[in-house]
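Bear in mind that the values here come from a model prediction, so they are computed numbers and not experimental data.
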Amino acid sequence: MKREFKEEEITKIINDYRPLVITSIKAYCNYPHLFEDLISEGNIEMIEALNDYDDELGVPLGGYLKARLRGYYQNKAKSEKLRTNYGFPEGYEKASEESFEEEIINRELVEEIISILSFDERRVIELYYFNEKKVADIANEMQISTSKVYAIKRAAIAKMREFLE
């Protein structure tokens, strides 16, 4: 049964676990230019985690929050890395014809690489990297286990690497 937290409890937990947010950022998503935003997002993730927390599962609150923050910041780091690797940082406006042609070439390459994947592999890659969904959410959506999602993702990445070599 999910535990209901009062607003005062949530505020206290967020303040008490602030060092955990900061260490999670430094460990998994160390982007100094986004530091304040990442702290705010970590606080929001903790509030969502508290709303999902079920103390009857026997998982200590601190461990649960640590795992949620780790997953959140790992996903955030992946999306930030993808964005910067493809040359499209947040708020980036393409101005020149040259950059437009480069964008088309990148898009065509991504489409070509993704086309070699099976339906399930493509779906997992798109949901995980482009829609920034968590593995558990993908597993629920596809009605498979999380270990199967990881296996499909590994196979897809191996295929894409082989294609690029």
[Y] and [X], any side-chain heavy atoms less than 4.5 Å apart:
{"X": "D55", "Y": "L61", "result": "no"}
{"X": "I152", "Y": "Y150", "result": "no"}
{"X": "K76", "Y": "E132", "result": "no"}
{"X": "I138", "Y": "T146", "result": "no"}
{"X": "K153", "Y": "Y129", "result": "yes"}
{"X": "V149", "Y": "L127", "result": "no"}
{"X": "R161", "Y": "I157", "result": "yes"}
{"X": "Y72", "Y": "Y28", "result": "no"}

Could you give the distance from [atom1] ([X]) to [atom2] ([Y]), rounded to the nearest 0.5 Å?
{"X": "R122", "Y": "M160", "atom1": "CZ", "atom2": "CE", "result": "11.5 Å"}
{"X": "E4", "Y": "E9", "atom1": "CD", "atom2": "CD", "result": "10.5 Å"}
{"X": "R70", "Y": "E45", "atom1": "CZ", "atom2": "CD", "result": "12.5 Å"}

Ion pair check, R123 and E141, cut-off under 4.0 Å: yes
Pair D16 + K12: basic N to acidic O under 4.0 Å: yes
Polar side chain donor-acceptor pair, R68 to Y64, under 3.5 angstrom: yes
Between S118 and E121, a side-chain donor and acceptor under 3.5 Å: yes
Do [X] and [Y] share a hydrophobic cluster (ILVMFWY, side-chain heavy atoms under 4.5 Å, transitive)?
{"X": "I44", "Y": "I25", "result": "no"}
{"X": "I22", "Y": "Y17", "result": "yes"}
{"X": "F163", "Y": "I125", "result": "yes"}

Sidechain-backbone polar pair: Y73 side chain, L38 backbone, donor-acceptor under 3.5 Å: yes
Check: D137 side chain, K133 main-chain N or O, donor-acceptor pair, under 3.5 Å: no
Heavy atoms only: give me the nearest [X]-[Y] pair and the separation to one decimal.
{"X": "A77", "Y": "C29", "result": "N-SG, 3.8 Å"}
{"X": "V59", "Y": "Y53", "result": "O-OH, 2.6 Å"}
{"X": "I113", "Y": "I116", "result": "O-CG1, 2.9 Å"}

Residue among I47, L65, N43 satisfying side chain to side chain contact (heavy atoms under 4.5 Å, CB included) with I13: L65
Exceeds 12 heavy-atom contacts within 6.0 angstrom, atom NZ of K66: no
K159, NZ: over 12 other non-hydrogen atoms inside 6.0 angstrom: yes
